[in-house]
Amino acid sequence: VQLQASGGGLVQAGGSVRLSCAAAGRTFSSNGMAWFRQTPGEEREFVAAISLSESKTWYADSLLKGRFTISRDNAENTVYLQMNSLKPEDTAVYYCAALKIGSGSYQIDYWGQGTQVTVSS
């Protein structure tokens, strides 16, 4: 399984970016997809997740103000992360992942490569 993330780049504060994560290959055990982000010297942190069957979504508490939206296109095997009202602190390498979502927990099945998002002030 390969997860190909794209869409990162340089954007001004207040701007928007849409990240894409295309999955190639069969992910038999995965029932969800997610985005994480990581800055230098910090641990990778959860951003958002979506189930592949019911389109249930989860977001990190700090993003509940609705700036980020995760969505999926099962026909294209692609998951998106729409990021609006970007702030300099959103600058990070964003990673997509295939998940096995259980009751109250998840397990990472596969990681994609990261895509850099840089927000200038």
Side-chain angles (χ1 to χ4, degrees):
V1 174
Q2 286 190 327
L3 303 178
Q4 183 71 39
S6 61
L10 176 64
V11 62
Q12 288 189 331
S16 297
V17 167
R18 188 196 198 199
L19 304 182
S20 300
C21 177
R26 297 291 298 275
T27 55
F28 294 101
S29 64
S30 302
N31 59 0
M33 296 288 290
W35 289 96
F36 293 76
R37 67 185 183 183
Q38 188 171 26
T39 56
E42 300 293 328
E43 292 187 355
R44 197 168 296 186
E45 65 174 356
F46 170 81
V47 173
I50 186 167
S51 65
L52 298 182
S53 58
E54 302 174 340
S55 285
K56 291 180 64 175
T57 59
W58 298 266
Y59 294 91
D61 289 345
S62 62
L63 300 175
L64 285 178
K65 293 185 178 181
R67 296 191 301 121
F68 289 12
T69 303
I70 189 170
S71 61
R72 61 174 175 82
D73 183 337
N74 283 357
E76 297 294 328
N77 288 332
T78 301
V79 175
Y80 304 98
L81 185 67
Q82 178 68 42
M83 304 189 293
N84 300 326
S85 302
L86 283 163
K87 304 175 182 179
E89 52 263 44
D90 294 317
T91 295
V93 177
Y94 284 74
Y95 297 88
C96 61
L99 308 177
K100 185 182 306 177
I101 300 174
S103 176
S105 66
Y106 64 85
Q107 174 182 312
I108 304 294
D109 284 342
Y110 306 98
W111 284 107
Q113 96 291 357
T115 184
Q116 175 73 46
V117 174
T118 302
V119 184
S120 63
S121 58

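Just so it is clear, the structure is predicted and the values come from calculations on it, not from any experiment.
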Nearest-0.5 Å distance, [atom1] of residue [X] to [atom2] of residue [Y]:
X: Thr91; Y: Gln116; atom1: OG1; atom2: CD; answer: 7.0 Å
X: Leu3; Y: Thr78; atom1: CG; atom2: OG1; answer: 10.5 Å
X: Met33; Y: Tyr110; atom1: CE; atom2: OH; answer: 11.5 Å

Legend entry - Residues which pass side chain to side chain donor-acceptor pair (under 3.5 Å) with Asp109, listed by chain and number, not counting sequence neighbours: Ser29, Ser30
Quick check on the hydrophobic clustering: are [X] and [Y] connected, directly or via other members, by side-chain heavy-atom contacts under 4.5 Å?
X: Val93; Y: Ile108; value: yes
X: Trp111; Y: Leu99; value: yes
X: Tyr80; Y: Phe68; value: no

Side-chain donor/acceptor of [X] to backbone N/O of [Y], under 3.5 Å:
X: Arg72; Y: Ser51; value: yes
X: Thr115; Y: Ala5; value: no
X: Asn74; Y: Leu52; value: yes
X: Asn31; Y: Ile101; value: yes

Legend entry - Passing candidate, side chain to side chain contact (heavy atoms under 4.5 Å, CB included) with Thr39, options Glu42, Glu43, Arg37: Glu42
Inset, instruction - With Phe46 as reference, evaluate Trp58, Phe36, Trp35 under the ring-ring contact (aromatic ring centres under 6.0 Å, His included) test and give the passing residue. - result: Phe36
Inset, instruction - Determine which pairs satisfy side-chain hydrogen bond (donor to acceptor under 3.5 Å, both in side chains) with at least one residue from residues 1-24, sequence neighbours left out, and list them in order. - result: Ser16-Asn84
So, using side chain to side chain contact (heavy atoms under 4.5 Å, CB included) as the criterion, who are the partners of [X] when residues are at least two apart?
X: Gln38; value: Arg44, Tyr95
X: Thr57; value: Ile50, Tyr59, Ile70
X: Val117; value: Leu19, Met83, Tyr94, Val119
X: Ser85; value: Arg67

Inset, instruction - Measure across Ala13 and Ser121 and return the closest heavy-atom pair with its distance rounded to 0.1 Å. - result: CB-CA, 4.3 Å
